[in-house]
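Here the structure is laid out as structure tokens; the discussion comes afterwards.
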Amino acid sequence: MTTKRILGLCVGAFALFAWAAPAAASPDYPAALRTATGAPCPPPCTVCHLTMNGGAGTAVKPFAEAMIDEGLDGEDESLVKSAAAKLKAAPVDSDGDGMDDIAELAAGRDPNVAGAGDLCGPEYGCGARVEPSGALDGHALVVALGVALVLGARIRRRNAPRR
């Protein structure tokens, strides 16, 4: 493999990480949902979205659709409280397990999955909480770039003509 090809692969990999589309979901939604429902922890993005990255058009889970039906729209976290209040007044059971969505969130359960367990995850020590990671952060990008450069240098050294 030539040096130019290795360099091109490294630049391409860097470009993929650097130009990844940002999530369109509001980072304030989990805290607003926790406050509005009395949940023991901020629910993960996957309560509404397909993945932890969120993003436009990915809030398609049954609970998200119920909240949207009650007026939740766009990135305005102030609408979370009113939509949750409407769901509490006229309960919806998205997963059909006999417990309405707001009560499930207040109990720390996923309103999309019947009988689903703890949304808050295990606690260790003084209330510590294991938090799922979201998108690739800056440190991981630097490590990935460093690994690519080291591998590129090793390949280049191996393919270099001997003197």
Side-chain angles (χ1 to χ4, degrees), residues 9-148:
L9 289 173
C10 291
V11 168
F14 180 76
L16 283 175
F17 289 120
W19 291 326
S26 171
D28 300 323
Y29 267 35
L33 191 55
R34 177 185 191 185
T35 301
T37 63
C41 65
C45 298
T46 53
V47 165
C48 293
H49 296 273
L50 295 174
T51 69
M52 287 300 290
N53 294 332
T58 65
V60 295
K61 291 201 172 175
F63 173 70
E65 291 174 355
M67 290 288 282
I68 291 167
D69 289 345
E70 296 301 339
L72 189 61
D73 183 33
E75 296 181 29
D76 186 359
E77 69 273 356
S78 68
L79 298 174
V80 171
K81 184 177 180 179
S82 64
K86 290 176 184 175
L87 280 182
K88 190 171 186 174
V92 172
D93 182 8
S94 294
D95 58 13
D97 65 356
M99 186 176 205
D100 71 83
D101 293 352
I102 301 302
E104 284 199 82
L105 285 168
R109 294 176 42 181
D110 188 339
N112 298 298
V113 182
D118 189 13
L119 286 177
C120 298
E123 291 188 11
Y124 305 100
C126 299
R129 184 169 162 306
V130 177
E131 189 70 39
S133 64
L136 195 61
D137 66 7
H139 297 300
L141 180 60
V142 170
V143 169
L145 185 58
V147 168

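Computation of the quantities below employed the complete heavy-atom set of this structure, encompassing side-chain atoms and omitting hydrogens, waters and symmetry-equivalent molecules.
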Just wondering, do Lys88 and Asp100 contact through their side chains at under 4.5 Å, heavy atoms?
no
Contacts of Asp69 that satisfy side-chain contact (heavy atoms from CB on, under 4.5 Å) - sequence neighbours left out
none
Gap between atom OG of Ser94 and atom CE of Met67 - 0.5 Å precision:
10.5 Å
Minimal heavy-atom distance between Glu70 and Leu87, with the atoms involved, is CG-CD2, 3.8 Å
Could you state the interatomic distance from CG (Asn53) to SG (Cys45), rounded to the nearest 0.5 Å?
8.5 Å
For Thr46, enumerate each residue passing the side-chain hydrogen bond (donor to acceptor under 3.5 Å, both in side chains) test, keeping only those at least two apart in sequence or located in another chain.
none
For Ala107, check side-chain contact (heavy atoms from CB on, under 4.5 Å) against everything at least two apart and list the hits.
Met99, Arg109
Between the main-chain N or O of Leu105 and the side-chain N or O of Asp101, is there a donor-acceptor pair closer than 3.5 Å?
no
Do Pro91 and Ile102 come within less than 4.5 Å of each other through their side chains, counting heavy atoms only?
no
Closest non-hydrogen atom pair, Pro44 against Met52
CB-SD, 4.0 Å
Are side-chain heavy atoms of Glu104 and Asp93 found at a separation under 4.5 Å?
yes
Check Ala64 against Val60 and note the closest heavy-atom contact, atom names and distance.
CB-N, 4.4 Å
Value rounded to 0.5 Å, distance of OH in Tyr29 from NE2 in His49:
8.0 Å
Which distance, rounded to the nearest 0.5 Å, do you find between the CG of Leu72 and the NZ of Lys81?
14.5 Å
Listed by chain and number, what are the side-chain contact (heavy atoms from CB on, under 4.5 Å) partners of Asn112, not counting sequence neighbours?
Val47, Lys61, Pro62, Phe63, Asp110
